[in-house]
Amino acid sequence: MHPLRSLILAAAGNDVIRRLVATAPVSRDVVRRFVAGETTADAIEVTKSLVDKGLTVTLDYLGEDTTDSGLAEQTVQAYLELLDGLRRDGLARSAEVSVKLSAVGQALDEGLAIENAARICARAQECGTTVTLDMEDHTTTDSTLRVLAQLRASWPWVGAVVQAYLRRTEEDCSRLATEGSRVRLCKGAYAEPAQVAFPDPHDVDRSYVRCANALLRGEGFPMFATHDPSLVEIVEARAEVLDRKPGSFEFQMLYGIRPDEQLRLAGLGHTVRVYVPYGVQWYGYLMRRLAERPANTAFFLRALVSRK
């Protein structure tokens, strides 16, 4: 693992650093590059601006590793409010939601997570949009896929997420690439042991390409989450070879990262979905984004100490 990435991931669990970032005078402006804000209204406002540019959106209410049923219920209520807001403002056709099962009770009880996620899926269907289940660290992978299968029995459009850095993912892609299945492929952003994940970034890239091929050859709807220019080019080339037209797959990128590339791809006719996080629990998310792309760290640190 890149030494800077290891350092950033360690900082994600450091309360002293968290307080420094949260209380620094310019932190709010810096975080706004990567996070839509803390409220539903903030999320709706950013969604409108992106949709007006020809992009689509998936919204993540930040929070994870919930070990309190009351907090899990708060997360569910936040998603229900968000979905109602998307319907009210005519955004449901262009924006969906991404849900971390650990935020709705997975660590407490898998059955509770299924129940809570089902409530979100039911409201999403009422509002005319969809849900994608985010994937977290490898210890939750099997549980998340079990929950996915349960939810898809009622809502077959529920999206899955797979992570290219896990050694198991190519096989998971082949199994999930069935008709009607929505599957997001990302590299992965958690610190994982070498027994289950590729430690070398080049091996992760190679795995990503193998997984992309499996998804493009399948009958599902692939969603390629990457900012890597080389991987974007490879996906475009493989899609052309496999006769996948724009609209039969999509690119996904994080809010605040490569916005010009998002617009370029949309201008070529591709569906581009922007992953937009919001909520008060932004610190862990921000640290993982910096760890994924350590070049962002210099930008963040410069802004953090700036007096402007």
Side-chain angles (χ1 to χ4, degrees), residues 32-36 43 45-60 86 91-98 129-130 132 134-135 157 159-165 169 173 177 181-189 201 204-278 285 288-289 292-293 295-296 299:
R32 279 280 187 158
R33 169 172 170 170
F34 302 99
V35 178
E45 180 181 355
V46 168
T47 299
K48 285 180 180 177
S49 68
L50 293 169
V51 170
D52 286 345
K53 294 175 182 177
L55 302 167
T56 58
V57 174
T58 186
L59 289 146
D60 172 22
L86 293 175
L91 296 168
R93 294 186 61 182
S94 300
E96 63 140 34
V97 298
S98 289
T129 189
T130 54
T132 295
D134 277 336
M135 192 62 77
W157 41 254
V161 178
V162 290
Q163 299 165 310
Y165 70 169
T169 299
C173 285
S181 176
R182 299 167 54 246
V183 183
R184 176 195 299 156
L185 174 64
C186 62
K187 285 188 178 183
V204 176
D205 288 348
R206 285 191 282 268
S207 174
Y208 194 102
V209 173
R210 293 194 301 271
C211 292
N213 279 321
L215 293 174
L216 287 167
R217 290 192 183 103
E219 298 181 352
F221 184 83
M223 304 179 288
F224 297 107
T226 181
H227 310 99
D228 187 322
S230 297
L231 291 179
V232 170
E233 289 182 8
I234 289 170
V235 167
E236 287 184 299
R238 295 304 300 156
E240 184 173 355
V241 168
L242 295 170
D243 199 29
R244 283 278 198 157
K245 306 298 183 186
S248 67
F249 65 95
E250 71 182 34
F251 288 103
Q252 297 191 355
M253 294 186 180
L254 297 170
Y255 179 60
I257 299 182
R258 303 199 73 200
D260 290 342
E261 176 67 358
Q262 296 169 15
L263 295 176
R264 184 190 73 83
L265 289 168
L268 293 175
H270 291 295
T271 300
V272 180
R273 191 173 300 276
V274 183
Y275 188 100
V276 177
Y278 76 103
Y285 170 86
R288 283 198 302 277
R289 296 296 75 79
E292 277 183 329
R293 198 164 180 259
N296 286 329
F299 164 84

Going from [atom1] on [X] to [atom2] on [Y], what distance comes out if it is rounded to the nearest 0.5 angstrom?
{"X": "C186", "Y": "H227", "atom1": "SG", "atom2": "NE2", "result": "10.5 Å"}
{"X": "L50", "Y": "K48", "atom1": "CG", "atom2": "NZ", "result": "13.0 Å"}
{"X": "L231", "Y": "E236", "atom1": "CG", "atom2": "CD", "result": "11.5 Å"}
{"X": "L185", "Y": "Q252", "atom1": "CG", "atom2": "CD", "result": "10.0 Å"}
{"X": "T47", "Y": "D52", "atom1": "OG1", "atom2": "CG", "result": "10.5 Å"}
{"X": "S248", "Y": "L216", "atom1": "OG", "atom2": "CG", "result": "8.0 Å"}

Could you report the tightest heavy-atom contact between [X] and [Y], atom names first, then the distance?
{"X": "P246", "Y": "G269", "result": "CB-O, 3.5 Å"}
{"X": "Q262", "Y": "L254", "result": "NE2-O, 3.2 Å"}
{"X": "A36", "Y": "V46", "result": "CB-CG2, 3.7 Å"}
{"X": "V35", "Y": "P277", "result": "CG1-O, 3.5 Å"}
{"X": "I257", "Y": "M253", "result": "O-CB, 4.4 Å"}
{"X": "A189", "Y": "Q163", "result": "N-NE2, 4.5 Å"}

Flag side-chain contact, heavy atom, 4.5 Å: [X] against [Y]:
{"X": "M223", "Y": "V161", "answer": "no"}
{"X": "T132", "Y": "Y275", "answer": "no"}
{"X": "T226", "Y": "V235", "answer": "no"}
{"X": "T129", "Y": "V97", "answer": "no"}
{"X": "Y278", "Y": "E45", "answer": "no"}

Point to revise | Identified side chain to side chain contact (heavy atoms under 4.5 Å, CB included) partner of K53 from the options L263, V274, V272 | key: L263

Practice item. Say whether, by atom type as modelled, one donor and one acceptor occur between the side chain of R182 and the main chain of F221 under 3.5 angstrom. Key: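 Answer holds: no.
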
Check your understanding: Should K245 and D243 count as an ion pair when the cut-off is N to O under 4.0 Å?
Key -> yes

Review point. Can you say whether the rings of F249 and F224 are parallel (under 30°), tilted (30 to 60°) or perpendicular (over 60°)?
Key: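 F249 vs F224 ring planes: perpendicular.
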
**Study point:** Residue pairs involving residues 204-214 (criterion salt bridge (Lys or Arg N to Asp or Glu O under 4.0 Å); sequence neighbours excluded)
**Key:**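 Residue pairs passing salt bridge (Lys or Arg N to Asp or Glu O under 4.0 Å), neighbours aside: E170-R210, K187-D205, D203-R206.
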
**Study point:** Pair listing, salt bridge (Lys or Arg N to Asp or Glu O under 4.0 Å) test, anchored in residues 263-274, at least two apart
**Key:** E250-R273, E261-R264

**Study point:** Check against side chain to side chain contact (heavy atoms under 4.5 Å, CB included), R184 and D134
**Key:** CA-CA 9 Å; R184 176 195 299 156; D134 277 336; 2.7 Å; yes

Check your understanding: Can I234 and Y208 be said to form a side chain to side chain contact (heavy atoms under 4.5 Å, CB included), step by step?
Key -> CA-CA 10 Å; I234 289 170; Y208 194 102; over 6 Å; no

